[in-house]
Amino acid sequence: MNIEFYKHSLGDDEKRKVLECLDGLFLTTGSYVAEFEQEFARYLELPFCVGLTSCTAALHLSLLALGIGTGDEVITTPLTFIATATAILHTGACPVFIDVDPDTGLLDPEQIAQAVTERTKAIIPVHLYGHMCDMKALSDRAQHHNLAIIEDAAHCLEGGRDGIRPGQVSDLACFSFYATKNITSGEGGAVVCRNREMAERVRLLRQHGISKEAADRYSGPYQHWDMITLGWKYNMDNIQAALLLPQLPKIETRWLRRRERFDYYLDKLKSIPGIKMPRLGPAVKHGYHLLTIWVEPTRRDDILAELGARGVGVAVNYRAIHLLTYFRQRFGFVPGSFPHAEKIGHSTISLPFYADIAFEEIDRVVSILQEICSV
Ligand SMILES: *Cc1c(COP(=O)(O)O)cnc(C)c1O
């Protein structure tokens, strides 16, 4: 019996809402998206949300909304999904990696000062696995150097730290509704922010820089539209929003289910020698997105293969991205450029983890892991 790495929790509520949407006239960006944006912003206690097609799009448009482009530099972590860095490259700006804290895997605020140049415009922290970065320290540093902050909060919808939630002390925060994220529409994303003008810029850029969205153009008598800037095609559609809407009231109950399962895993994993877990910062509300263990780098790939062979779904979040071919070739990175991120990248294994995983399945994963690690 296989244990999947991830299983979504979509059910009758979501099916009903999508059918309701399909029975209506409007499939693209319309009233469902508007309602989703309002409710998502309400959940995060922020005034503005713009629905998009992905977190990659959210990061890209956040950078553009801040006016970042060719010749600029943006500081980020190499221990992330490639989209954090490719979004920077898409604007013409240059990602500047700094190493991570070896105990948490999070971007280390202490390393910012030495990476700042006169071209640096922003920092993109990544709340890895659901563990929020020290946003107080980051916003102090950002203010000191006059930098914007864009949060890659793809793992951290529910998380917080020192009472701060995503989007509350940054310029913009970006979310993903990709197939394996905590709430999902298969593909999807959103930006949240506190500044109306910033939200309006993202809204304009998500749909070709056209002054009126399809729903505005269609309602009432025919109106000509204009294109006032060069934009992209990143608008969330009503079908995606219909899938997401019924999940919003369930965010906290699903978070509680994941917390129970996370604690259960932690308790069982303690007995296996050679397994480390990322250390949790103080006053952190974990988002519980990924259950990640760190093993001996020399054994990691064998353990991965063996887990897979025994029917346990696994993932690697992430190998340090500066050592991927494209970044090596373009920027000349070599092993040793960011040793902490590299070491974690060679150690990390994500285990099956989601709101509906059965405790017996966790028992099975742990006992298989115990067998593998004891040889
Ligand atoms: C999933 C993910 C992304 C990309 O999200 P998409 O919606 O697939 O574009 C970006 N950053 C992190 C940390 C992610 O986990």
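Here the structure is a predicted model, which is why all the values come from computation and not from measurement. Atoms considered below: every heavy atom in the structure, side chains included; atoms not considered: hydrogens, waters and symmetry mates. Counting starts at 1 for both ligands and their atoms, following the listed order.
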Tabulated below should be the N or O atoms of ligand 1 paired with protein N or O atoms at under 3.5 Å; can you produce that?
residue	atom	partner	partner atom	Å
ligand 1	5 (O)	Ser176	OG	3.2
ligand 1	7 (O)	Cys55	N	2.8
ligand 1	7 (O)	Ser176	OG	2.7
ligand 1	9 (O)	Cys55	N	3.3
ligand 1	9 (O)	Thr56	N	2.9
ligand 1	9 (O)	Thr56	OG1	2.5
ligand 1	11 (N)	Asp152	OD1	3.3
ligand 1	11 (N)	Asp152	OD2	2.7
ligand 1	15 (O)	His155	NE2	2.7
ligand 1	15 (O)	Lys181	NZ	3.2
ligand 1	15 (O)	Tyr318	OH	3.0

Q: Answer yes or no for Arg259 and Tyr264: cation-pi contact, defined as NZ/CZ to six-membered ring centre under 6.0 Å and angle to ring axis within 45°.
A: no
Q. Does Glu296 CD have over 12 foreign heavy atoms under 6.0 Å away?
A. no
Side-chain donor-acceptor pairs under 3.5 Å in residues 46-59, sequence neighbours left out?
residue	atom	partner	partner atom	Å
Ser54	OG	Thr56	N	3.3
Ser54	OG	Ala57	N	2.9

Q. Salt bridge between Glu14 and Lys17, side-chain N to carboxylate O under 4.0 Å?
A. no
Q) Between Thr29 and Asn235, is any side-chain donor less than 3.5 angstrom from a side-chain acceptor? A) yes
Q) Can you find a side-chain donor-acceptor pair between Tyr288 and Glu260 that sits under 3.5 Å? A) no
